[in-house]
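A, B, ... follow the sequence lines: proteins, then strands. Residue 1 opens every chain.
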2 protein chains.
Amino acid sequence: MTAVSTDFAQALRDAGLRVTQQRMIVMSVLMESEDHPNADELFARTKAIDGSVSFATVYRTLAALEEAGLIRKLSFEHEPARFEVTPAAEHDHLVDVDTGEVIEIESEEIERLRRELVERLGYEIISHNTLIRARKKPRS
Amino acid sequence: MTAVSTDFAQALRDAGLRVTQQRMIVMSVLMESEDHPNADELFARTKAIDGSVSFATVYRTLAALEEAGLIRKLSFEHEPARFEVTPAAEHDHLVDVDTGEVIEIESEEIERLRRELVERLGYEIISHNTLIRARKKPRS
DNA sequence: TTAGTTGCAAATGTTTTGCACGTTG
DNA sequence: CAACGTGCAAAACATTTGCAACTAA
């Protein structure tokens, strides 16, 4: 029982969810992913570890974990949703339109300005999701 | 032939697209929409003007107009894509999670910071899309 | 024991597409 | 008239769900 898997189990319990083998696997697969996998990819990686996990369970687990705030769903255009473990600090996503690569970018100042702006409108941010489509500048 | 419809026709021609009645109707419907309609809603509003326009054409027109940069597709979560005419100034979208209302918010400073940050990474922004899920603060 | 979870397959909802016909340039 | 666009219905695609079997608490 590693520290990490204990954390997963505890996080599930805290969320009022049962600790099942399937959820543990999906969580650990997502946690260990450096990229931002979609449900298909998570299913493939999960199946490689435990062939009995079904596609439906991957989706249901993702929905449950998102609901619990443990993971985040990213909506990209023209492609299925991707997922990431909820980051400690908010960050935006830059997609290289030529390579498809996703880069996380972070700015405390932008975040602060955004929060202030939203508060001035009388709202409180629950979550936000910024997608920047960009292209690498030619290095002169 | 009004100035507005001429602009639509010209915009289509400039994009290398044929000026068809269907495209003109879809464009004008979207242009006159104060909200951010989805394909379903656009189809309904379009059909009210010309009953012969098909659902497929609405989708194909939206794809063509987006490709041409004339309109923008917004990906929300747990609901079909919405559309808006490409705004003169970039703006973000705030969704009131309780009412579903979509509010456009704009900040030149955030935009500037974001552009600078992205440029520092060697990229050039093509487009961006920010979705903020928020809840109205109780007025004390 | 029993409420929550799962696997399977079927269903759902959105968006796309093949094809024959119509229209634009 | 040639290329492009359209309508229709069927297909594709991502995601969700009903149900009977299973399992965590």
Side-chain angles (χ1 to χ4, degrees), chain A residues 1 5-6 8-27 29-30 36-44 46-47 49-68 70-83, chain B residues 1 5-6 8-27 29-30 36-44 46-47 49-68 70-83:
Chain A
M1 192 197 288
S5 65
T6 302
F8 289 168
Q10 195 52 51
L12 286 172
R13 275 187 220 102
D14 291 348
L17 297 169
R18 289 193 175 169
V19 180
T20 68
Q21 188 155 7
Q22 290 89 336
R23 283 177 181 158
M24 293 297 280
I25 294 173
V26 173
M27 281 183 90
V29 165
L30 185 50
H36 299 76
N38 59 32
D40 239 326
E41 291 159 348
L42 282 169
F43 175 54
T46 300
K47 201 164 57 175
I49 296 171
D50 180 345
S52 76
V53 176
S54 73
F55 216 127
T57 291
V58 170
Y59 270 108
R60 280 192 277 231
T61 298
L62 290 171
L65 297 180
E66 191 199 3
E67 175 80 19
L70 298 173
I71 68 172
R72 190 158 295 189
K73 183 183 192 172
L74 307 174
S75 295
F76 290 71
E77 277 180 21
H78 307 299
E79 62 170 311
R82 295 165 176 247
F83 299 84
Chain B
M1 191 196 291
S5 65
T6 302
F8 288 168
Q10 195 53 51
L12 286 172
R13 274 186 221 102
D14 290 348
L17 297 169
R18 289 189 176 172
V19 180
T20 67
Q21 188 152 7
Q22 290 90 336
R23 283 177 182 159
M24 294 296 280
I25 294 173
V26 173
M27 281 184 90
V29 164
L30 185 51
H36 299 76
N38 60 32
D40 240 324
E41 292 160 347
L42 282 169
F43 175 54
T46 300
K47 201 163 58 176
I49 296 172
D50 179 346
S52 77
V53 176
S54 74
F55 216 126
T57 290
V58 170
Y59 269 108
R60 279 193 276 231
T61 298
L62 290 171
L65 296 180
E66 191 200 3
E67 174 82 19
L70 298 172
I71 68 172
R72 192 159 293 189
K73 183 182 193 172
L74 307 174
S75 295
F76 291 71
E77 275 179 23
H78 307 299
E79 63 170 310
R82 294 164 176 247
F83 298 84

Which protein N or O atoms sit under 3.5 Å from an N or O of nucleotides 11-14 of chain C?
none

**Study point:** Whole angstrom value for the distance that separates P of D:dT23 from CD1 of A:Ile25
**Key:** 13 Å
Check your understanding: Could you give the CD-to-P distance, from A:Glu66 to D:dT15, as a whole number of Å?
Key -> 11 Å
Practice item. Take B:Phe83 and B:Thr20, find for each the nucleotide of DNA chain C with the closest heavy atom, and name the residue whose nucleotide sits nearer the 5' end. Key: B:Phe83
Exercise for review: In whole angstrom, give the distance that lies between atom CG of B:Asn38 and atom C1' of C:dT15.
Suggested key: 12 Å
Practice item. Could you check if a side-chain atom of B:Lys73 sits within less than 4.5 angstrom of a side-chain atom of A:Glu77, using non-hydrogen atoms only? Key: yes
Exercise for review: May I ask you to say what A:Gln22 touches in the nucleic acid, namely base, sugar-phosphate or nothing, with a heavy-atom cut-off under 4.0 Å?
Suggested key: sugar-phosphate
Check your understanding: Just wondering, do A:Leu70 and A:Phe8 contact through their side chains at under 4.5 Å, heavy atoms?
Key -> no
Review point. Please give, in whole Å, the distance from D:dT6 P to B:Leu65 CG?
Key: 10 Å
Check your understanding: Choosing from C:dG7, C:dC19, D:dA25, which nucleotide comes nearest the side chain of A:Val19?
Key -> D:dA25
Review point. Rounded to the Å, how far apart are A:Arg13 CZ and C:dG4 C1'?
Key: 15 Å
**Study point:** Interatomic spacing from CG in A:Leu65 to CD1 in A:Ile71 - rounded to 0.5 Å
**Key:** 4.5 Å
**Study point:** Test item: A:Glu41 side-chain N/O and A:Asn38 main-chain N/O as donor-acceptor pair under 3.5 Å
**Key:** yes
**Study point:** Nucleotide of D:dG5, D:dG18, D:dT23 approaching A:Arg60 most closely (side-chain heavy atoms)
**Key:** D:dG18
Review point. Whole Å only: how far is the CD atom of B:Gln21 from the P atom of D:dG7?
Key: 10 Å
Practice item. Compare side-chain N and O positions of A:Arg23 against OP1 and OP2 of C:dT5 and report whether any pair is under 4.0 Å apart. Key: yes
Check your understanding: Does a side-chain heavy-atom distance below 4.5 Å link A:Phe83 with A:Leu30?
Key -> yes
Exercise for review: Mind calculating the distance between CG (A:Leu17) and C1' (C:dT5) to the nearest angstrom?
Suggested key: 11 Å
Exercise for review: Starting at atom CG of B:Leu42, determine the distance to atom P of C:dT15, rounded to an integer number of angstrom.
Suggested key: 11 Å
Review point. Which residues in residues 50-58 of chain B have at least one heavy atom lying under 4.0 Å from any atom of DNA chain D?
Key: B:Ser52, B:Val53, B:Ser54, B:Ala56, B:Thr57
Exercise for review: Measure from NZ or CZ of A:Arg82 to the centre of the six-membered ring of A:Phe76, then state whether that distance is under 6.0 Å and the direction lies within 45° of the axis.
Suggested key: yes
Check your understanding: Under 3.5 Å, is there a donor-acceptor pair between the side chain of B:Thr61 and the main chain of B:Thr57?
Key -> yes
Point to revise | Polar side-chain atom of A:Arg23 near backbone of A:Arg18 as donor-acceptor pair, under 3.5 Å | key: yes
Review point. Do A:Asp50 and A:Gln22 have side-chain heavy atoms sitting under 4.5 Å apart?
Key: no
